[in-house]
Amino acid sequence: MHSPGYRTNALLTFAVTVLALMCGMASLSDNLNSPSPSAQGQVLNINWFKKQPNANDQVSMTLNISADLQSLFTWNTKQVFVFLAAEYKTPKNSLNQISLWDGIIPSKEHAKFWIHTSNKYRFIDQGSNLRGKEYNLTMHWHVMPKTGKMFADKIVMPGYRLPEEYR
């Protein structure tokens with residue numbers, strides 16, 4: 001006959017194995033979802049564009065940000081971290097990313113939004129590289145699941161240009 005400790009150990013091992021298999025199957029089933037998010041960013045106004053005393057360029061802008069990220073939510077989605085970045089090239093760096101706005105979307109009900117705002121974070125370039133610079137607005141998101149692997153994606157919105165002169 002087996003002792004009570006041995007029986008408890010076998011029962012707990014079996015329960016943990018079943019739980020791990022269920023989590024694995026649940027995580028794999030989430031891969032069947034093919035999301036189709038949409039996003040738009042619009043620069044309404046360049047509030048100011050100036051050179052700082054330390055020779056860095058700084059920009060303040062007013063933005064309209066709209067997105068429908070509801071398709072990112074499944075039964076396994078805990079929350080989605082989303083941010084809007086300005087991306088551009090300089091002679092020194094092939095990719096510069098400046099986060100302009102971010103947010104955490106806790107549920108599907110909050111995943112369709114429209115925001116009118118100024119950039120939440122400073123748009124600063126080290127040096128005088130922003131005058132007349134073309135840039136893209138890029139909406140990035142990171143889906144944080146309840147179980148399984150996190151994934152990220154983005155939508156690039158090209159065709160923006162900063163003024164040639166400081167204001």
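Source: prediction; values computed, not measured.
Looking at Leu44 and Leu63, their side chains never come closer than 4.5 Å, going by heavy atoms from C-beta outward. Using a 4.5 Å heavy-atom cutoff, the side chains of Asp125 and Ile98 are not in contact. At least one side-chain heavy atom of Trp141 sits under 4.5 Å from a side-chain heavy atom of Met139.
No donor-acceptor distance shorter than 3.5 angstrom exists from the side chain of Asn129 to the backbone of Thr90, with no hydrogens or angles considered. Remark: side-chain polar atoms of Asn119 are paired, donor with acceptor, to backbone N or O of Tyr121 under 3.5 angstrom. Under the 3.5 Å distance criterion, the side-chain polar atoms of Lys108 are left unmatched by any main-chain donor or acceptor of Leu69. Checking side-chain atoms of Ser128 against main-chain N and O of Lys51 turns up no donor-acceptor pair under 3.5 Å. Looking only at distances, no side-chain donor or acceptor of Arg161 sits under 3.5 Å from a matching main-chain atom of Lys133. In this structure, Thr77 contributes its side chain and Gln79 its backbone to no donor-acceptor pair below 3.5 Å. Side-chain N or O atoms of Ser71 include one that pairs as donor or acceptor with a backbone N or O of Ser36 at under 3.5 Å. Of the possible polar contacts, none joining the Asp57 side chain to the Val59 backbone as a donor-acceptor pair under 3.5 Å is found. A donor-acceptor contact shorter than 3.5 Å links the side chain of Asn96 to the backbone of Tyr88.
Between Met157 and Ala39, the shortest heavy-atom distance links the atoms SD-O, 3.8 Å. The two residues Ile155 and Pro37 come nearest to each other via the heavy atoms CD1-O, 3.6 Å. In plain terms, the two heavy atoms of Pro158 and Asn136 that are nearest each other are CA-OD1, 3.1 Å.
Under a hydrophobic-cluster definition in which Ile, Leu, Val, Met, Phe, Trp and Tyr are linked whenever side-chain heavy atoms come within less than 4.5 Å, directly or via other members, Ile115 and Met61 are assigned to the same cluster. In the hydrophobic clustering of this structure, Tyr166 does not group with Trp48; members are Ile, Leu, Val, Met, Phe, Trp, Tyr whose side-chain heavy atoms approach within less than 4.5 Å, directly or through other members. There is a path of hydrophobic side-chain contacts, each under 4.5 Å, that joins Ile46 to Ile65. Linking ILVMFWY residues whenever their side-chain heavy atoms come closer than 4.5 Å, directly or via other members, leaves Ile124 and Phe49 in distinct clusters.
For His142, there are no side chain to side chain donor-acceptor pair (under 3.5 Å) partners two or more places apart in sequence or in a different chain.
The neighbour count for Lys120 NZ, taken as heavy atoms of other residues, nucleotides or ligands under 6.0 Å away, is above 12. Annotation: Gln126, atom CD; neighbour count of heavy atoms from other residues, nucleotides and ligands within 6.0 Å does not exceed 12. Annotation: Gln40, atom CD; neighbour count of heavy atoms from other residues, nucleotides and ligands within 6.0 Å does not exceed 12.
Using a 3.5 Å distance cut-off with no hydrogens or angles, the side chains of His140 and Glu87 do pair a donor with an acceptor. No side-chain donor-acceptor contact under 3.5 Å links Asn45 and Thr62.
Hydrophobic cluster membership of Phe83, counting Ile, Leu, Val, Met, Phe, Trp and Tyr whose side-chain heavy atoms lie under 4.5 Å apart directly or via other members: Phe81, Ile104, Met144, Met150.
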